[in-house]
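Given the structure is predicted, the values throughout are model-derived calculations rather than measurements.
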Amino acid sequence: MTLRAMRERAGLSQQDLRAKVGINSISYFWALEAWDSTPRPKRARDPHTMRLDTAKRVSEALGVSLDELWDGLDCQGD
């Protein structure tokens with residue numbers, strides 16, 4: 001399950017998730033979610049590069065464990 005799928009399953013918009021996690025950048029989650037797009041936009045970011053403390057806050061906001069978040073990031077479009 002991709003980051004976008006996990007976010008949508010949690011019923012959150014990118015803006016909602018950004019606010020819950022405390023990220024100021026408007027495009028942060030767009031760039032992480034765009035990593036799974038084909039073709040991949042130049043501004044896409046590999047979600048595996050997110051800091052551990054950020055990943056923990058994201059997993060809490062999505063209602064998943066950190067392991068589930070990481071496992072989901074390894075799946076392509078499930």
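Arg57 is linked by a salt bridge (Lys or Arg N to Asp or Glu O under 4.0 Å) to Asp53, counting only residues two or more places apart in sequence or in another chain. Not counting sequence neighbours, the partners of Ala44 by the side-chain contact (heavy atoms from CB on, under 4.5 Å) test are Ala34, Trp35, Arg40, Pro41. Remark: Arg18 engages no residue in a side chain to side chain donor-acceptor pair (under 3.5 Å) (not counting sequence neighbours).
Pairs engaging residues 23-33 under the salt bridge (Lys or Arg N to Asp or Glu O under 4.0 Å) rule: Arg7-Glu33 [sequence neighbours left out]. For residues 59-68, the set of pairs meeting the salt bridge (Lys or Arg N to Asp or Glu O under 4.0 Å) definition, not counting sequence neighbours, is empty.
Between Val58 and Val64 the shortest side-chain heavy-atom distance does not fall below 4.5 Å.
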Please list every donor-acceptor pair under 3.5 Å in which a side-chain atom of residues 20-31 meets a protein atom from a residue at least two apart or in another chain.
from  : atom 1 : to    : atom 2 : distance (Å)
Ser25 : OG     : Ser27 : N      : 3.4
Ser25 : OG     : Tyr28 : N      : 3.4

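Among all heavy-atom pairs drawn from Arg45 and Thr49, the shortest one is NH2-OG1, 4.1 Å. Nearest heavy-atom pair, Leu32 versus Pro47, reported as atom, atom and distance to 0.1 Å: CD2-CA, 3.6 Å.
Of the inter-residue distances, the one linking Leu52 atom CG with Leu66 atom CG reads 6.0 Å to the nearest 0.5 angstrom. Residue Leu3 holds its CG atom at 8.5 Å from CG of Asp36, rounded to the nearest 0.5 Å.
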